[in-house]
Amino acid sequence: MTEAPVLSIVVVNWNTRDLLLALLRRLFDAPRLPTEVIVVDNQSADDSVAAARAAFPQAIVLPQPKNGRSEEHTSELQSPCNLVCRLLL
C-alpha cells in the first residue's frame, strides 16, 4: 500500500523541457517525505509533456488546453495534502 502524500509539489511549465526534466530528476532522486509531483503544462511546443510522461511515469502530468496564468491552471487542483508548493518554470 502506498503512503498518502504529505507534500504536493506543483510545477507550472511552458517550453522548458530540459529544465523540467532536470527538476523532476532531482525531485524523484532526493530522499523525502511521501510526495506527489504535479506538472501543469501551458501548451508547450517543445515536447515537455511526452518527455515528462516517458521519463517520470510517477509524476501527474496535466497538459492545459490553453496557455494562461499559473493561478488559472492551479487554483482548482485537488490534493489530499495540507502543504502545497508551486514552482514556476
Whether the side chain of R17 engages the backbone of A51 through a donor-acceptor N/O pair (distance < 3.5 Å, no angle test) should be reported. no
Could you tell me if the side chain of V10 sits less than 4.5 Å from the side chain of V40, heavy atoms only?
yes
Q. Hey, does V11 have a side-chain heavy atom less than 4.5 Å from the side chain of I38?
A. no
Pairwise side-chain contact, L19 with L21, heavy-atom cut-off 4.5 Å (strictly under) | no
Run the side chain to side chain contact (heavy atoms under 4.5 Å, CB included) test on N13 and N42 for me, step by step, so that the C-alpha distance in whole Å, both residues' side-chain angles and the decisive distance to 0.1 Å come before the verdict.
CA-CA 6 Å; N13 179 66; N42 285 324; over 6 Å; no
Item to complete: Could you walk me through whether L62 and I60 pass the side chain to side chain contact (heavy atoms under 4.5 Å, CB included) test, one step at a time?
Response: CA-CA 7 Å; L62 304 173; I60 301 165; 4.0 Å; yes
Scanning both residues in full, the closest heavy-atom pair of D46 with T16 reads OD2-N, 3.1 Å
Determine whether I9 and L27 make a side-chain contact, defined as any pair of heavy atoms from C-beta on separated by less than 4.5 Å. yes
- Task: Evaluate the side-chain proximity of F56 to V61: yes if any heavy-atom separation is below 4.5 Å, no if none is.
- Result: no
_For S44, is there any backbone N or O sitting under 3.5 Å from a side-chain donor or acceptor partner on W14?_
no
- Query: Under 4.5 Å between any side-chain heavy atoms of V39 and L20, yes or no?
  - Reply: yes
Does Q43 reach the main-chain N or O of Q64 with its side chain, forming a donor-acceptor pair under 3.5 Å? yes
